[in-house]
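Residue numbering restarts at 1 for every chain, and letters A, B, ... go by the order of the sequence lines.
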Amino acid sequence: MNRELCYYFDMKFTSAYEPDKFEPEIYKEWESSGAFDPKAVDKKARTKASHKTTSSETYSIVMPPPNANGNLHIGHGLTIAIEDSLTRYYRMKGNTTWYIPGADHAGFETWVVYERKLEQEGHTRFEYSRDELYARVWNFVEEQRGNMELQLRALGASCAWNDLTFTLDENVVSRTYKTFEKMWNDGLIYRGKKLVNYCPKHQTAFADIEIDHIDEPGFLWDIKYNIVEESESSSEVAKENPLISEGVHERAQSVAGGTRTALRSARLDDDRNQTGFSQTRKKLSDSSLTYIVVSTTRPETLFGDQAVAVNPNDPRYKSLIGKHVRLPLTSRTIPIIPDEHADPEYGSGVVKITPAHDFDDFEVGQRHNLELLRVIDDEGNMTADCGETYAGLSTTACRKLVLKDLKAAGLLLDTHKISHSVAHCYKCGTVIEPTLKEQWFINTDPLKTRALKALKHNEIAFYPASKKSALITYFENLKDWNISRQIPWGIPIPMFKKQGTESAGTGQLNNASSPDWLFDPRTNLKEIEIGGVKYLRDEDTFDTWFSSSHWPIVCTDWTEETGSPFYPLNVMETGADILFAWIARMLMIGLYVTDEVPFREVCLHGLVLDAHGKKMSKSKGNVINPLELVSKYGSDAFRLGILRGRTMGLAQAFSEDSVKTGRNLCNKLWNISRLIDSWAEKNSKDSNTFSEASKENSQIFRGDYEGARSMAGVSRSASRSARLIDEKNLPEFSQAKKNVSNLSSLTVNMSEDWICREISNLISTLDKNLSTYRFSESVEALHECIWDKYADWFLESEKLFKNLPLLKLTLETLLKAAHPFMPFVTETIWQSLSWTSGLLINQSWAEPLDYDPISAESFERLKEAITEVRRVKNDLPGSFKSKSFDLLYGDDSLIADNADLVKLLTKCPNVLPTSGAPKGIRLALVGRELYLDVDEKTVKNYKSALTDRILSVGKDLNALEARMLNPRYVDKAPKALVEETRKGIEEKKSLISRLRQELDLIA
RNA sequence: GGGUUGUUAGCUCAGUUGGCUAGAGCACCUCGUUUACACCGAGGGGGUCGGGGGUUCAAAUCCCUCACAACCCACCA
């Protein structure tokens, strides 16, 4: 918010950060400032591609469109946390950054919701035409829309709202039609009769992922199929077969053909049943077989049988291949064919093949050129092909009768109880009937070949890399793509059928050779007339994945003529679960349409599980609503929480605790800023009353920002540096030392050089990790730098120095580095600080800070000493812990030079040089002449702690010595490493002797 | 059945090409109410890195094998 708004909201730094007080306003300000839109490019330039965008590198990323009709779930929360962090980072890096939002019409999901609504209102879909239904759902979705967009805003998504694309937008439809037309002209589109998952109640087809597989008890029936000689005629068979004369005959005579093998798995429930099978096998291994046993869970489909299959490697049946069997209850004979589909281990090893009613059997049928005979109609009743006895019956009624008749004929040999998984309509629970339907297919051969080539040439980098090989395997096994769906809510297929023509049947069709079907994009019309011939629009709609596979093309306004400066996308980030459904298809379509990969990198996040690592589901009641967490802890807290510990591609747990940690970090940063701002405020008040001379005098410490920045470097004391170098022999810094005189930094004290080093390290850590999508490490490094380093050490030290110019500079840098991950609180702080201007979102990315590396490293030594003082105090028994002791130092310039700081950080009342003989506890561990000035009594109480120390150091020493005792280690390991070990041993040895000495003194 | 990923502290996870004493957050223990922060500060305990073998001077890391878990694909007549 701008300064006036700040004032209006009384935006003083309160003692705790209150996200809900600032977030909505901050977001509004970002949005209205135009920060989300790619700055250098206006919409016209993009579409007309006026090539004015090359001044800065582009960065483009699309949002996987959430369901326009639904609420965001935890997966969206993670998606936005990742994508928006990337977006903000690259925007600050200076890229022309375009984060493109979207909304999904979510074809089937929305359709189910709407149809339920219709039902509740006492209507059914069959009361309306397809076009009416489409219009109704559109209005329904329109009412619901906006909710999802508000939630995206709450999560802080810095996306270009003006460019939001809905999956049914005109440009999506026209682009989809263009591709379809191209494919049609290229001969890649064909109409084929294939099996679909079909719900007889709703009379609609389902995609595989849209059906429920439920394990339930069932039966497996063993049916006797008699072997016949090929020369036998039906009538002869009838005579010879005594079973048929037992009243089954008449019915059997009228049966023209059969159908359908049942689906689903069968698993034997107990040993008794297995014994039954082995007996069966024994019979069958007889060479003089007169029949074979077929096991089925759906006997009613036998009328559709076109063959029985045996495994070609099954010795029991090898001799029978090519012979025929009589189909029970009918007069038909069908062949015994060899096919791998038959599993010798399962049942009798013989399976009946019903190509028109079972997915596997369909495949077998294709391999062996079997006829497709439908024996169940669209309503789920038996067709006339089952013979008059069975025709018209429901499948359930038919099954009963068939079983009765088989038993009567002595053809039903056995019944096994089994448990198998059955496909159900997930709307109404009706058992799915695999049903033969005419569908539009894409021949994927050329598409997947091209995609495989791109993958194998490493045109796309995958995070995690393993997903690439998964995709390659997928493409290698990819079948043709069924793109038609029988639901009204979707993009109409732009195909028109010549009126009066019957189904064109299976096989390849195209414009030239088949006038039965015409491509025409005018799908707003139900009927068109061309050359005096009327054509009716196909009622089917596209698979939503077909249109959404154009997403990178559509969202970047890519055109054939000009391409798009934002295509290919820099990264495609989405859930790993839609690698095949979406990523694979975008890749195929992208390459087909643009001849370029649609994205340069693919980054896939895994499933977000609940706190116990279980999948979230409504039925389990363990669903975490991201927006609830946002309102409870703030948007930044949620983002930090969900990114913490997250690795790409893995399904990982998530809980409120990590959000709390995020909230605490926000508050920490808030209070850091609050403290610094209060110092700055105080300073500006003071300086108003100071004389000019005193102002100048104190400029380094509390002078005005810019002025001090320019003269800071000079203030470094040469003698101080020299002393430090002498004291600590640190050859690794000798190179860096050369640059010390050129430093232009604002640092005056060691802690300042140190924090500048740490912040600089943070920036390079973030740069490195963000380019490889390592969010866990990024967030962890940020947390550590803000909390453990900046607040706990640097800021504590600055309570002594109050080097305002440096405080301001480091805080600004830290805010910039943190902004991609915690945008709201950093922006709120930025706008609350007294000296900053503009919006943080538009600032350039954090830059490394100048520092004196020797000085920075010296501060590590000082930290060690301070920590040791604190630790020794804590090691004292309870009653002494809270006591105050002076700290005495011998010939130790590091402590001497920083006595005030040491005093502040150790809370020792005095830090003084020793006078005369040392006394108290020597802080031997850090190897300094440092003494905690405690009385003799207290010293004695430290004895056990000291003994523990000696033991623990001894262990370390032993490990090191063991290493050196191995001659091959000394011989083969890198010299530097061996040298390090040698030094380590020396250090430990002298440490132990110091500690022993100390112990002796106490004792 | 095929494939992928995982198994590291009580919990959730880091540990990038083998090499500092295996790290973090939360939880736990001790101390502390100092005017930035109790959404806090100081200190601490806790791991034979799933089991077994191998390669190597050196393995959480590489190889083999077993076990367990999750997910994906296929299948369940």
Margin query: Would the base of B/A36 count as contacting A/Lys799 through its side chain, where contact means a donor and an acceptor less than 3.5 Å apart?
Written below: yes

Margin query: What's A/Pro967 touching, base or sugar-phosphate or nothing? Going by heavy atoms closer than 4.0 Å.
Written below: nothing

Notebook entry, point to check: Just the dot-bracket of RNA chain B, please: which string comes out with Watson-Crick or G-U pairs under 3.5 Å, [ ] for crossing, | for another strand?
Noted result: (((((((..((((.....[...)))).(((((.......))))).....(((((..]....))))))))))))....

Checklist line | No-hydrogen, no-angle side-chain donor-acceptor test under 3.5 Å, A/Glu758 and A/Tyr790 | finding: no

Margin query: Once you apply a heavy-atom cut-off of 4.0 Å, does A/Leu650 come out as touching a base, just sugar-phosphate, or nothing?
Written below: sugar-phosphate

Checklist line | Residue pair A/Asp610 / A/Ser655, side-chain donor-acceptor N/O under 3.5 Å | finding: no

Next item on the list: Would you classify A/Lys614 as touching base, sugar-phosphate or nothing, given that sugar-phosphate means primed atoms plus P, OP1 and OP2, and contacts are heavy atoms under 4.0 Å?
Entry: nothing

Item checked: Touch class at under 4.0 angstrom, heavy-atom based, for A/Ala470 against every strand present -> nothing

Next item on the list: Please tell me which of A/Asp788 and A/Arg674 maps to the more 5' nucleotide of RNA chain B, matching each residue to the nucleotide holding its nearest heavy atom.
Entry: A/Asp788

Checklist line | Aromatic plane relationship, A/Tyr773 with A/Phe775 - under 30° parallel, 30 to 60° tilted, over 60° perpendicular | finding: tilted

Margin query: Any donor-acceptor pair, under 3.5 Å, between the side chain of A/Glu777 and the base of B/A24, if you only look at N and O atoms?
Written below: no

Notebook entry, point to check: Does A/Lys668 place a side-chain N or O at less than 4.0 Å from the phosphate oxygens OP1/OP2 of B/G41?
Noted result: yes

Note to self: Looking at A/Lys660 and B/C39, is any side-chain donor or acceptor paired with a base atom of the opposite kind under 3.5 Å?
What the structure shows: no

Note to self: Quick check: on RNA chain B, is the nucleotide nearest A/Gly645 upstream (toward 5') of the one nearest A/Val970, or the reverse? Name the residue that is more 5'.
What the structure shows: A/Gly645

Checklist line | Any donor-acceptor pair under 3.5 Å from A/Thr473 side chain to A/Ser469 backbone | finding: yes

Next item on the list: Would you please classify the geometry between the A/Phe22 ring and the A/Trp670 ring as parallel, tilted or perpendicular, with 30° and 60° separating the classes?
Entry: tilted

Item checked: N or O in side chain of A/Asn664 less than 4.0 angstrom from B/C40 OP1/OP2 -> yes

